Amino acid sequence: MIEDSPFVAAAPVLVPMPAERPYTYAVPPGMRVVPGSIVRVPLGPRQVAGIVWDGTVETVDAKKLRSIEQVFDCPPIDRAMRRFVDWIAQYTLSAPGMVARMLLRAPEAFDPEPWIEGLQRTLAEPDRLTDARRRVLETAEGGLAWTRSGLAHAAGVSSTVIGGLRAQGVFETVMIPPRPVVAAPDPGHAVPELMPDQKAAAEKLRAAIAADAFNVTLLDGVTGSGKTEVYFEAVAAALDKGGQVLILLPEIALTHAFLERFQDRFGAKPAEWHSDLPPRMRERVWRQVAEGGVRVVAGARSALFLPFEDLGLIVVDEEHDPAYKQEDRVFYNARDMAVVRGHIGGFPVVLASATPSVESRVNASQGRYDRVVLSSRFAEAALPDLKSIDMRRSPPARGGFLSPVLVEQMRRTLERKEQSLLFLNRRGYAPLTLCRVCGHRFGCPVCSAWLVEHRFRGQLVCHHCGHNERRPEACPECGTLDHLVACGPGVERIAEEVVGHFPDARTIVLSSDLLGGVRRLRLELEAVANGEADIVIGTQLVAKGHNFPGMTLVGVVDADLGLANGDPRAAERTFQLLSQVTGRAGRTGKKSLGLLQTYQPDHPVMRAIVSGDSEAFYEREIAERERAALPPFGRLAGIIVSAATRGEAESHARALRRSAPTASDLFVLGPAEAPLSLLGGRHRFRLLIQGERRADMQGFIRAMLAEGPKLRGSVRVQVDIDPQSFL
DNA sequence: AGCACGCCGACT
DNA sequence: GTCGGCGTGCTC
């Protein structure tokens, strides 16, 4: 730990940069630090916050040694959290300093929250009692301290009135401790009446909490089965035991609706934690989590790095959601890191989903996780009647993309004054533009993916790197005017087709391109929920989180989209997405319908969705993955995400094969996950591995580094899950 | 990751 | 003559 040299005491300090090990700093005489202390240290030309780490210090050149400037008045990062940082650094092959950086993302929170100035009633009486003064005294009755502006506001007077009373000694200045960011949740606030299978599931979770040990439960409940209510019982049990609780949600799902639901159950909102929390709030939440004042946090993946004082449960909702993957700097999957955090902290973890990831299903079937299934649905929340439309038999009209079968159902839905949702997971107007004369295709000059036409904006946009240009009139290759043709549909194009069919219907397109940002989007979603649109055309953004009570028809424009992209998870992802989308309808109690436009009605994904038999899908998918040795079965799959040149990508692919001969598949992909054949231009080399066996993977990385020392620093690793060595 | 230093093109 | 592009190198 802290070692005394003959001259100065020194401490290892993890600084927030890609350092492989802690740096050594001198501890000035009289300063007290312990492992976990958050300290201010000089680093190059600037001052940074670092964490005093475990272990002995390395002797460094006396000329290099600098001193810790300050120990923050802040609870030290506990041992479990420090081990968590080291574990993640090792597992993701990232520098520990970069992992530590994720803990230090609330710089102002390291100093205690200041007490604020307040006013308290004294025994003195004012010289004259005016109307305004009387209101102030009535408001302040009860002896509690008020802020000056708060009291003025509550009494409906100007703050000069308060100032006058203060001057007369009717009020005295007192210091008020910082206000809690949220009220304390009450586990007994509104205990729900649970259905029998919910009750049984809640009992199992409660037992896991009572056991006071690490354990993972996969809570697998079909849409509408009341998963949230069940895991709220686990939350209540953990709170009863006195621990703190973290509920992880995919960023998108961190909605108002969830917070309300929590408040209904516990009488208070959880503290929120996500990337667009205002800085002041961020600091207060961080501090109060560290001090234990906040009991429950609902947050995005970064909430995993909050310094909980006494964490007793993590719930990962929608555990299959890809938003849990962080894919820059430190590559990690928050769902898996939550499991690791539980293991280190010795507490239970609950993974909840209506469509669990294949990894979690495998972990459950192999006994590493417990599995609790909720199979019955509330009667009024029945799923829609689901059917596929075989596009070979009911093709769309020329130039269109909607089958007559779907159009007819939309017409009927309109007649009944109910809402339809068309889902197409593709922004813009058309995913590819080409010249009818010379065949020129518009590609991205930066990353060589195709440019997507956004007709509304008059632009061609690269959805991978954000590059955009004006849509020209003439072909840049042959110069012919007005012969550019849009290939394939995006939501804008579907909207055009819909308006052609139903010119009088209120049609709206919802995608992340919507002008006006998140606020506008929220307003539009609300408007739709209030019935202010007849037909909604949306990307996956409509698939998540939001309920539309009047929606009785869901049409999936291209259910096959995403099945053929070479991703080993394509079928799983499509199944999950289609389950979610079709779940958007049918919560009304009215009869509702889901239609999937597909060219492969016999594909296992379509059969599973239409029949509702997800068990069969999982069994088949797991068997298939095992046979092909794809994730999550103990083989390694490497993905080169981008390379400096095509030749370099190829040579690294060969190196990859040599060093990982057992790898089942080597995916050589472009920066845009485009096939290698699309790679062109110069790109920084980056490597992304979705692998299972850590030993294989690390060996491979070492081989890569030996192969090309210049690559060091630009190699990044993603590990999805490693069931063999995980726990 | 920041941030400084350092060496070549278009402008107050 | 300077401002500014990002390549390279370092941080106890």
Side-chain angles (χ1 to χ4, degrees), chain A residues 1-29 31 33-72 77 82 85-86 88-90 92-108 110 275 279 282 301-302 305 326-332 445-447 465-467 642-645 648 671 681-688 705 708-718:
Chain A
M1 198 210 314
I2 315 301
E3 196 176 71
D4 288 303
S5 84
F7 305 106
V8 281
V13 177
L14 210 46
V15 287
M17 60 140 201
E20 284 304 323
R21 56 204 157 61
Y23 281 176
T24 303
Y25 283 88
V27 182
M31 180 183 280
V33 295
V34 295
S37 295
I38 300 182
V39 293
R40 186 162 57 85
V41 291
L43 183 68
R46 61 212 163 103
Q47 299 266 317
V48 297
I51 308 171
V52 175
W53 218 240
D54 307 78
T56 54
V57 294
E58 285 180 27
T59 26
V60 293
D61 189 344
K63 282 199 286 285
K64 273 191 164 184
L65 190 68
R66 298 168 83 179
S67 280
I68 295 176
E69 303 263 340
Q70 179 194 355
V71 185
F72 288 103
I77 301 299
R82 300 197 305 274
V85 169
D86 283 333
I88 291 177
Q90 213 217 181
T92 62
L93 300 172
S94 333
M98 288 304 284
V99 184
R101 188 173 173 270
M102 300 193 290
L103 269 77
L104 298 167
R105 284 271 173 84
E108 304 303 317
F110 309 147
S275 56
R282 200 177 177 78
R301 58 176 188 251
S302 58
F305 298 97
Q326 171 142 74
E327 301 195 300
D328 59 273
R329 300 182 178 97
V330 178
F331 285 61
Y332 66 91
V446 183
C447 65
C465 69
H467 165 86
S642 67
T645 61
E648 197 174 352
R682 284 198 70 80
H683 303 291
R684 184 176 282 261
F685 181 87
R686 197 174 71 151
L687 174 75
L688 182 94
L705 292 176
K710 66 176 164 28
L711 301 177
R712 189 173 287 278
S714 58
V715 174
R716 294 286 180 275
V717 175
Q718 161 100 39

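A, B, ... follow the sequence lines: proteins, then strands. Residue 1 opens every chain. Model, not experiment: these values are computed from the prediction. Computation of the quantities below employed the complete heavy-atom set of this structure, encompassing side-chain atoms and omitting hydrogens, waters and symmetry-equivalent molecules.
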Query raised in the report: With sequence neighbours excluded, what pairs up with Arg282(A) under the salt bridge (Lys or Arg N to Asp or Glu O under 4.0 Å) test?
Result: none
Query raised in the report: Could you give all pairs that pass the salt bridge (charged side-chain N to carboxylate O under 4.0 Å, His left out) test and reach residues 12-23 of chain A, with sequence neighbours left out?
Result: Arg21(A)-Glu58(A)
Query raised in the report: Trp53(A) and Arg82(A): which non-hydrogen atoms are nearest, and at how many Å?
Result: CZ2-O, 3.4 Å
Report summary line: Scanning both residues in full, the closest heavy-atom pair of Ile68(A) with Ala11(A) reads CD1-CB, 4.4 Å
Requested in this report: For the residue pair Lys63(A) and Leu65(A), establish whether any side-chain heavy-atom pair is separated by less than 4.5 Å.
Outcome: no
Query raised in the report: Do Pro96(A) and Val99(A) have side chains that get closer than 4.5 Å, going by heavy atoms?
Result: no
Query - N/O donor-acceptor pair under 3.5 Å between Tyr25(A) side chain and Pro42(A) backbone - result: yes
Requested in this report: Determine yes or no for a side-chain-to-main-chain donor-acceptor pair under 3.5 angstrom, with Arg40(A) supplying the side chain and Gln47(A) the backbone.
Outcome: no
Requested in this report: Could you give me the CA-CA distance, side-chain angles and deciding distance for Ile77(A) and Leu103(A), then say whether side chain to side chain contact (heavy atoms under 4.5 Å, CB included) is met?
Outcome: CA-CA 9 Å; Ile77(A) 301 299; Leu103(A) 269 77; 3.8 Å; yes
Requested in this report: Mind checking ring-ring contact (aromatic ring centres under 6.0 Å, His included) for Phe305(A) and listing every partner two or more places apart, or none if nothing turns up?
Outcome: Phe84(A), Tyr332(A)
Query raised in the report: Pairing of DNA chain C as dot-bracket, 5' to 3': ( ) intra-strand, [ ] crossing, | other strand, . unpaired, with Watson-Crick or G-U pairs under 3.5 Å?
Result: |||||||||||.
Report summary line: Counted 5' to 3', the first and last nucleotides of DNA chain C within 4.0 Å (strictly under) of a heavy-atom of chain A are dT11(C) to dC12(C)
Report summary line: Within residues 40-47 of chain A, those residues having any heavy atom closer than 4.0 Å to DNA chain B are Pro45(A), Arg46(A)
